[in-house]
Novice: 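Once you've had a glance at the structure underneath, I'll fire off some questions.
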Amino acid sequence: MKIDLSIIIPLYNESESLSELSAWITKVLDNTKLSYEILFVDDGSTDHSWEKIQSLYLNNDNIKGISFRRNYGKSAALNVGFSKSLGEVVITMDADLQDSPEEIPELYKMIKVDGYDIVSGWKKNRKDPISKTIPTKLYNAVTRWVSGIKLHDMNCGLKAYKNQVVKNIEVYGEMHRYIPLIAKWAGFQNITEKVVHHQARKFGVTKFGLERFIFGFLDLFSITFIGKYGKRPMHLFGTLGTVVFIIGFVFLFYIGVDKIFFNKTGKLIANRTEFYVALTSIIIGVQFFLAGFLGEMLSRNSPNRNYYQIKEKINFNE
Ligand code: UDP
Ligand code: MG
């Protein structure tokens with residue numbers, strides 16, 4: 001059975017916030033006529049978050065819960081939530097009361113009526129320490145440039161999706177930072193943003209330190225590479241290999257001709273700078289090719305090599 005709205009809330013040690021959060025969401029949603037579920041995904045909390053969720057459920061049967069045996073990370077929690085969600089519109093939000101449930105009705109409308117695939121929150125006036133806000137600006141600028149998706153706040157926890165989007169993407173590792181990019185590669189292009197209200201953390205502490213920026217950039221490279229070249233690695237490595245190899249070859253040709261015809265008694269070849277440029281370029285060029293061949297062998301054996309998503313069909317009765 002389909003319902004109107006799923007709210008997915010990944011959480012790790014957020015017990016102090018949960019009652020207030022669920023009361024607030026319920027208050028907002030009970031003013032609408034929407035049918036909904038609130039799906040708490042407890043990512044291996046070691047405080048009393050799970051007991052709290054159990055007690056909340058006793059008073060509200062729109063509440064659902066899943067708990068991990070240990071802490072797997074926000075991406076894993078979202079991924080499970082996505083696979084279990086029944087709502088036509090799926091909204092994710094953080095558990096720490098930094099995101100406001102008051103945004104839900106408008107986000108719902110933007111998906112359902114305006115027809116966007118994804119609406120990403122934008123914490124324009126962000127209530128976090130400066131150690132977070134400044135690096136985040138840089139990170140978002142780079143991500144916009146690499147991905148071509150014009151969002152100011154790619155990693156906002158508050159986002160809304162069409163159900164099809166969440167059923168057709170997989171979030172793993174720490175890739176939750178790039179869900180719009182993953183969705184874009186899956187073919188969902190209609191992405192926009194909405195300025196959302198943001199509050200300072202009331203209880204508990206942030207779960208992400210500064211290492212997020214290093215990991216974040218590495219993930220951006222992987223995601224872009226896999227999305228663009230995952231099924232044709234030779235196109236990337238072969239091109240790089242050819243370019244570097246040609247550079248090496250040109251240098252080699254130059255010192256060879258020079259030595260044989262013009263400069264017979266000059267410096268030894270092995271004493272010339274050009275020689276080392278030629279040598280390293282040729283070796284690196286060949287290595288790029290090898291990486292390309294290995295990549296092709298891996299992708300040829302991958303069970304996903306012919307995986308694509310069908311959007312619609314006409315006159316098929318299966
Ligand atoms: N979270 C999670 N698993 C983790 C880390 C975080 O489910 O391993 C949840 C966390 O409980 C919160 C949300 O992800 O609901 C965002 O985390 P946090 O507020 O610490 O991030 P920040 O707002 O500081 O970026
Ligand atoms: Mg937070």
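First listed ligand is number 1; within each ligand, the first listed atom is number 1.
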Novice: State whether the shortest distance between N or O atoms of Ala77 and N or O atoms of ligand 1 falls below 3.5 angstrom.
Specialist: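 No, no N or O pair falls under 3.5 Å.
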Novice: Do any pairs count as a ring pair (Phe, Tyr, Trp, His ring centres under 6.0 Å) and have a residue in residues 258-278, sequence neighbours left out, and if so which ones?
Specialist: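 Counting only pairs at least two positions apart or across chains, no ring pair (Phe, Tyr, Trp, His ring centres under 6.0 Å) contact touches residues 258-278.
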Novice: Considering only heavy atoms from C-beta outward, does the side chain of Leu11 approach that of Asp94 to under 4.5 Å?
Specialist: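 They are not in contact (no side-chain heavy atoms under 4.5 Å apart), so the answer is no.
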Novice: Give a yes or no on whether a salt bridge exists between Lys202 and Glu20, defined as a side-chain N under 4.0 angstrom from a carboxylate O.
Specialist: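 Judged by the 4.0 Å cut-off on N to carboxylate O distance, Lys202 and Glu20 do form a salt bridge.
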Novice: Give me the atom names and distance for the closest heavy-atom approach of Leu56 to Ser19.
Specialist: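 Between these two residues, the closest heavy atoms are CD2-CA, 4.0 Å.
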Novice: Mind checking whether Pro10 has an N or O less than 3.5 Å away from an N or O of ligand 1?
Specialist: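 The answer is yes, given that Pro10 and ligand 1 share an N or O pair closer than 3.5 Å.
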Novice: Can you check which of Asn13, Val205, Asp99, Asn71 brings a heavy atom nearest to atom 8 (O) of ligand 1?
Specialist: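 When every heavy atom of Asn13, Val205, Asp99, Asn71 is considered, Asn71 comes closest to atom 8 (O) of ligand 1.
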Novice: Give me the nearest non-hydrogen protein atom to atom 14 (O) of ligand 1 as residue plus atom name, then the distance to 0.1 Å.
Specialist: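 Protein heavy atom at minimum distance: Lys74 CD, 3.4 Å.
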Novice: Which heavy atom of the protein is the closest neighbour of atom 17 (O) of ligand 1, given with residue, atom name and distance?
Specialist: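 Minimum-distance protein heavy atom for atom 17 (O) of ligand 1 reads Phe208 CE1, 3.6 Å.
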Novice: Can you confirm whether or not the ring centre of Phe208 sits under 6.0 Å from the ring centre of His176?
Specialist: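 For Phe208 and His176, the ring centres are under 6.0 Å apart.
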Novice: Should you measure from each heavy atom of Leu11, which atoms of ligand 1 turn up under 4.0 Å away?
Specialist: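 Atoms satisfying the 4.0 Å criterion: 7 (O), 11 (O).
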Novice: Counting only heavy atoms, which portion of Arg212 has something under 4.0 Å from ligand 1: side chain, backbone, both, or neither?
Specialist: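 Near ligand 1, Arg212 shows its side chain, while the N, CA, C and O stay back.
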Novice: Which of the numbered atoms in ligand 1 are below 4.0 angstrom from a heavy atom of Gln98?
Specialist: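 Listed by number with element, the hits are 19 (O), 23 (O).
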Novice: Is there any N or O on Asp128 that sits under 3.5 Å from an N or O of ligand 1?
Specialist: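 N/O-N/O distance below 3.5 Å does not exist for this pair.
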Novice: Just one of Ile66, Asp43, Leu39 clears the side-chain contact (heavy atoms from CB on, under 4.5 Å) bar with Val80, so which one?
Specialist: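 In the set Ile66, Asp43, Leu39, the residue that makes a side-chain contact (heavy atoms from CB on, under 4.5 Å) with Val80 is Ile66.
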Novice: Tyr72 ring centre to Arg70 NZ or CZ under 6.0 Å, with the angle to the axis within 45°?
Specialist: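 Yes, Arg70 sits over the ring of Tyr72.
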Novice: Given Leu21, Thr92, Asp43, Asp94, which has its nearest heavy atom closest to atom 4 (C) of ligand 1?
Specialist: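 Among Leu21, Thr92, Asp43, Asp94, the closest heavy atom to atom 4 (C) of ligand 1 belongs to Asp43.
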Novice: So that I can tick it off, tell me whether Lys33 and Asp4 are bridged by a salt bridge, with the cut-off set at under 4.0 angstrom between side-chain N and carboxylate O.
Specialist: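 Between Lys33 and Asp4 there is no salt bridge, as every charged N stays at least 4.0 Å from the carboxylate O atoms.
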Novice: Could you check atom 1 (N) of ligand 1 against the protein and tell me its nearest heavy-atom contact, residue, atom and distance included?
Specialist: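 For atom 1 (N) of ligand 1, the nearest protein heavy atom comes out as Tyr12 CB, 4.0 Å.
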Novice: Quickly, which of Val90, Leu151, Val165, Ile149 forms a side-chain contact (heavy atoms from CB on, under 4.5 Å) with Ile118? Name it, please.
Specialist: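 Passing option: Val165.
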Novice: Among Arg201, Lys207, Glu174, Lys132, whose heavy atom sits nearest atom 24 (O) of ligand 1?
Specialist: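 Among Arg201, Lys207, Glu174, Lys132, the closest heavy atom to atom 24 (O) of ligand 1 comes from Lys132.
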Novice: Between Phe237 and Phe293, is the gap from one ring center to the other below 6.0 Å?
Specialist: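 Not under 6.0 Å, so no.
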Novice: Should the pair Asp128-Arg201 be classified as a salt bridge under the 4.0 Å nitrogen-to-oxygen rule?
Specialist: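 Looking at Asp128 and Arg201, the cut-off is not met.
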Novice: Which atoms of ligand 1 have any heavy atom of Glu14 under 4.0 Å away?
Specialist: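 Checking each atom against Glu14, I get 10 (C), 11 (O), 12 (C), 15 (O).
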Novice: Which is it for Glu14 and Lys207 under the salt bridge (Lys or Arg N to Asp or Glu O under 4.0 Å) test, yes or no, and what are the steps along the way?
Specialist: CA-CA 10 Å; Glu14 307 280 5; Lys207 309 298 183 296; 3.1 Å; yes
Novice: Closer than 2.8 Å to the Mg ion (ligand 2), what protein N/O/S atoms do you find?
Specialist: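 Sorted hits: Asp96 OD2, Gln98 OE1.
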